[in-house]
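Below you'll find the structure, written out as C-alpha cells, and then a few comments.
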Amino acid sequence: MADELLAVRRAKLEKLRADGIDPFPHRFAGVEPVAAVLAAHEALEAGQETDATHRVAGRLAARRGQGRMAFLDLVDRSGRLQLQARQDVLGDELHERLLTQVDLGDIIGVDGTALRTKRGEISLRIERFTVLAKSLRPPPEKHHGLQDVETRYRRRELDLMANEEARELFIARAKVITAIRSLLDGENFIEVETPILQPLYGGALARPFTTHHNALDRTLYLRIATELYLKRCIVGGLERVYEIGKNFRNEGLSTKHNPEFTVLEFYEAYADYNDVADRLESLVRSVAAQVGSTGRIDFEGPWRRVTLRAAIRDATGVDFMEHRDRAGLVAAIGDRLPTGGRTWPQLVDDLLSSFVEPTLQQPTFLMDYPVELSPLAKAHRSEPGLVERWEAFCAGIEIANAFTELNDPDEQRARFEAQARLAAEGDEEAAPYDEVFVQALEQGMPPTGGVGLGIDRLVMSLRDRSSIREVVLFPAMRD
RNA sequence: GCCCCUGUAGCUCAACUGGCAGAGCAGCGGACUCUUAAUCCGAAGGUUCCAGGUUCGAUUCCUGGCGGGGGCACCA
C-alpha cells in the first residue's frame with residue numbers, strides 16, 4: 001500500500017514533467033503571508049468579491065469538491081487560507097491539473113483575488129497557480145494531525161506540518177530567545193561565544209562527552225557549562241556578558257533531561273546573587289509577557305524567596321544546619337529516604353528533590369546552599385557553611401541557578417582540591433581542577449553575580465509541557 | 001540498569017473469553033459551481049514490530065528481543 005501511494009505520486013510527478021511543468025522550480029518571489037491576506041479583507045461581507053490580488057504560497061492541506069468548483073486549504077507559517085478553484089476562471093486544462101496532478105502535501109504558489117464566500121470565509125480565487133515542490137509522500141491525517149509521539153519526535157517535520165500547536169510552540173521558543181537577547185542587550189550586556197570544544201570541562205558537576213582532535217592529538221570535551229569562560233570575560237573587564245547556547249551532559253534522558261540542552265548564562269560585575277535574582281525575575285517576567293504563557297504558572301507577581309534550609313525544614317522537619325555531620329542527618333531523616341551510600345551533601349540534595357522541589361509550582365527562589373554542593377559559589381556573608389547561591393523553580397522543576405561568584409583564588413583552589421579528592425574517591429561528576437581558571441581569578445575578578453537559565457525548561461513552563469522532548473525540535477532518541 | 005504501560009493499513013483508531021483483521025481520513029475510479037472534518041456511489045489497500053512457544057486455531061496467552069511512553073535510579 002505504501003508503495004502504491006508513492007507510485008501514484010511519482011506518476012503525477014512524471015505527468016507534470018511530461019506537460020512541461022517543472023515540479024521543483026527555483027523560486028517564487030513576492031509571497032505574502034496568508035495572515036496578511038486575511039487581515040486585509042476582514043471587513044468584507046459574505047458573498048462580497050474584490051479585485052485585490054495576492055500572491056501566497058504554502059502546503060496544500062485539504063481539498064473539498066472535485067467538480068467544476070473546488071475549495072482547497074493552503075497552510076503557511078502564518079496560518080491557513082481557503083482557496084477557491086473555478087473551472088471557468090482557470091480553464092479546463094489548469095483546473096484539471098490542479099485537481100488531479102496536485103496532491104495534498106504539495107507546495108504550491110497561488111495568485112488570486114480576495115473574496116468572502118457566501119458561507120462567510122475569506123478566500124482567494126485562484127487565477128494562476130504554480131507547483132513549487134511536489135510531495136512524494138502522503139502527509140499525516142488532515143483532521144487528527146500526527147498523534148504518534150515517537151513519530152512526532154523522530155520526524156519533527158511531520159509534526160510541524162501537521163500540528164499547528166507544534167509550529168506555535170517552536171515559534172514561541174524562538175521569540176523567547178529573541179526577547180532575552182533584546183532585554184539583556186538593552187541592559188548593556190554583550191553576547192559572547194565561548195568554546196564548545198574544551199580542553200577541560202567545568203562550571204557544573206556532570207559527566208562530559210569526550211572527543212578527540214586529530215591534528216592536535218588530544219582529548220577535548222564538549223562543554224557542560226559556559227561558566228568558567230564567561231567569568232574569564234569578567235576578569236578581562238567586559239563587565240556584563242552573556243551566552244546562549246548548547247551544553248552537553250553525558251547522562252540519562254528523562255522528561256527533564258536531554259543530553260544537549262540550551263542555557264542562558266549571564267554574569268554581571270559588581271553584583272551579588274540578590275541583584276541577579278532581581279534581574280532574572282524581571283527578565284523572565286518580561287519574556288513571559290512578550291511571548292505569553294499558556295500554563296497555570298504566574299510569572300507576573302513577585303517570586304517567592306525562601307532559604308533552602310527553611311524550605312526543607314518546613315517540608316520535612318529536618319534542619320540540615322543542625323546536623324552538619326552525616327550520621328546526625330541520617331538519624332534525622334529516619335526511614336523517609338534511603339540513606340545508604342549517600343554523602344551529607346547528597347542527602348541534602350535528596351531532601352530537596354524528594355520533598356521540596358515537587359511542591360514548587362509557582363516561581364520560587366531557594367536561597368543559600370551548603371558549600372559542599374557549590375564549588376564555584378562565594379561563601380555566605382553571614383551564614384557559616386553556606387554559600388550565596390540560589391536555584392529558581394517552577395512547575396516542580398529547576399529552571400535557573402545562580403551564585404555570588406567565588407572570586408578568591410585561594411579559596412577557589414581549595415574548592416577544586418576538595419573536588420579532586422571526591423574524584424579520587426570515584427565521584428565521576430566531581431569538577432576537574434582548572435588551573436587556568438584559578439590563575440584568571442588571581443588576576444582579580446570583581447565581585448560578580450552570575451546566572452544559568454535553562455531555556456528548554458523555561459519554554460516547558462511557558463507552554464505547559466511536561467517533557468523536554470516537546471520543546472526540543474529534534475530530541476535525542478535511541479537508534 | 002529496574003518497574004509499569006504500549007506497538008494493528010500512509011495517518012487516526014476498532015477487533016468480546018483465543019475463532020475468517022474492521023472503520024474513518026488520505027489514495028484510486030465516478031458524480032457534484034459556495035465547500036470548510038464537504039457529501040454521495042464504487043473498487044482497493046495488512047509480514048497485526050521481530051523471533052520463538054502453548055494451542056486444532058494467536059492481533060489476543062507465554063518467553064525473549066527491538067522501538068516508544070511514564071515512573072524509579074541517575075542527574076542541575
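Letters A, B, ... are given to chains in the order of the sequence lines, protein chains preceding strands, and every chain is numbered from 1. Remember, predicted model here, so these are calculated numbers, not experimental data.
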> How would you list all residue pairs meeting side chain to side chain donor-acceptor pair (under 3.5 Å) that involve residues 467-478 of chain A, not counting sequence neighbours?
Replying inline: A:Arg152-A:Glu470, A:Tyr153-A:Glu470
> Is A:Glu260 paired with A:Lys246 through a side-chain N to carboxylate O contact shorter than 4.0 Å?
Replying inline: yes
> Residues two or more places apart in sequence or in another chain: which of them pass ring pair (Phe, Tyr, Trp, His ring centres under 6.0 Å) with A:Tyr433?
Replying inline: A:Phe416
>> Nearest whole Å is fine: how far is B:U39 P from A:Phe71 CZ?
In response: 15 Å
> Between B:C49 atom P and A:Asp148 atom CG, what is the distance in whole Å?
Replying inline: 13 Å
>> Run the salt bridge (charged side-chain N to carboxylate O under 4.0 Å, His left out) test against A:Glu32 and tell me which residues pass, sequence neighbours left out.
In response: none
> Which part of the nucleic acid, if any, lies within reach of A:Leu158 when heavy atoms closer than 4.0 Å are counted: base, sugar-phosphate only, or nothing?
Replying inline: nothing
> Do A:Glu121 and B:U36 have a side chain to base donor-acceptor pair shorter than 3.5 Å?
Replying inline: yes
> Quick one: OG1 on A:Thr219 to CG on A:Leu200, what's the gap to the nearest 0.5 Å?
Replying inline: 11.0 Å
>> Using the salt bridge (charged side-chain N to carboxylate O under 4.0 Å, His left out) criterion, which residues pair with A:Lys118? Sequence neighbours excluded.
In response: none
> If pairing requires Watson-Crick or G-U wobble contacts with both distances under 3.5 Å, which nucleotide is the partner of B:U55?
Replying inline: none
> Between atom CG in A:Asp106 and atom C1' in B:A26, what is the gap in whole Å?
Replying inline: 13 Å
> Who passes side-chain hydrogen bond (donor to acceptor under 3.5 Å, both in side chains) against A:Glu96, sequence neighbours left out?
Replying inline: none
>> As a test of reading the structure: which of B:U33, B:A37, B:A26 is closest to the side chain of A:His144, going by heavy atoms?
In response: B:A37
> B:U33, B:G27, B:U12: which one has an atom nearest the side-chain heavy atoms of A:Leu5?
Replying inline: B:G27
>> Can you measure A:Gln48 atom CD to B:C34 atom C1' for me and round it to whole angstrom units?
In response: 16 Å
>> Could you tell me the Watson-Crick or G-U partner of B:G1, where both distances fall under 3.5 Å? Say none if there is no partner.
In response: B:C72
> For B:U47, which nucleotide in any strand shown is its Watson-Crick or wobble partner with both distances under 3.5 Å?
Replying inline: none
>> Looking at B:U33, I'd like to know if its phosphate oxygens (OP1 or OP2) sit under 4.0 Å from a side-chain N or O belonging to A:Arg68.
In response: yes
> For A:Leu6 and B:G45, what is the distance between atoms CG and C1' respectively, to the nearest whole Å?
Replying inline: 13 Å
>> Base, sugar-phosphate or nothing for A:Gly454? Non-hydrogen atoms, less than 4.0 Å.
In response: nothing
>> So if I apply the side-chain contact (heavy atoms from CB on, under 4.5 Å) rule between A:Leu98 and each of A:Val131, A:Val110, A:Ile126, which one comes out positive?
In response: A:Ile126
> B:A14 and B:G70: how far apart are their C1' atoms, nearest whole angstrom?
Replying inline: 24 Å
> In whole angstroms, how far is the P atom of B:U36 from the CG atom of A:Leu124?
Replying inline: 20 Å
> Which nucleotide, in any strand shown, forms a Watson-Crick or G-U wobble pair with B:C25, with both distances under 3.5 Å?
Replying inline: B:G10
>> Heavy atoms from C-beta onward define the side chain here; which of B:C28, B:C11, B:C34 lies closest to that of A:Thr117?
In response: B:C34
>> Need one value for A:Gln147: base, sugar-phosphate or nothing, where a base atom within 4.0 Å counts as base even if backbone is also close, heavy atoms only.
In response: sugar-phosphate
> If only side-chain N and O atoms of A:Arg63 are considered, is one of them under 4.0 Å from the OP1 or OP2 phosphate oxygen of B:G27?
Replying inline: yes
> To the side chain of A:Leu104, which of B:G27, B:U36, B:U33 is closest?
Replying inline: B:G27
>> Base contacts versus sugar-phosphate-only contacts with protein, heavy atoms under 4.0 Å: please encode nucleotides 66-75 of chain B as B, S and - from 5' to 3'.
In response: -SSSSS--SB
Could you run down the sub-3.5 Å N/O contacts of the protein with nucleotides 4-6 of chain B?
none

> In whole Å, what is the span from the CZ atom of A:Arg10 to the C1' atom of B:G27?
Replying inline: 16 Å
> How would you list, by chain and number, every residue that makes a side-chain hydrogen bond (donor to acceptor under 3.5 Å, both in side chains) with A:Glu165, sequence neighbours excluded?
Replying inline: none
> ring pair (Phe, Tyr, Trp, His ring centres under 6.0 Å): which pairs involve residues 50-86 of chain A, sequence neighbours left out?
Replying inline: A:His41-A:His54
> Across the strands shown, which category fits A:Gln87 at heavy-atom distances under 4.0 angstrom: base, sugar-phosphate, nothing?
Replying inline: nothing
> Starting at the 5' end of RNA chain B, which residue's closest nucleotide do you reach first, A:Pro140 or A:Gln82?
Replying inline: A:Pro140
>> Only pairs with both distances under 3.5 Å count, Watson-Crick or wobble alike; so what is the partner of B:A15 in this structure?
In response: none
>> Please report the distance, rounded to the nearest Å, between CG in A:Leu90 and C1' in B:U33.
In response: 13 Å
>> Taking the C1' atom in each of B:G7 and B:A43, what is the distance between them to the nearest angstrom?
In response: 30 Å
> Would you say the side-chain atoms of A:Arg296 and A:Gln362 include a donor-acceptor pair closer than 3.5 Å?
Replying inline: no
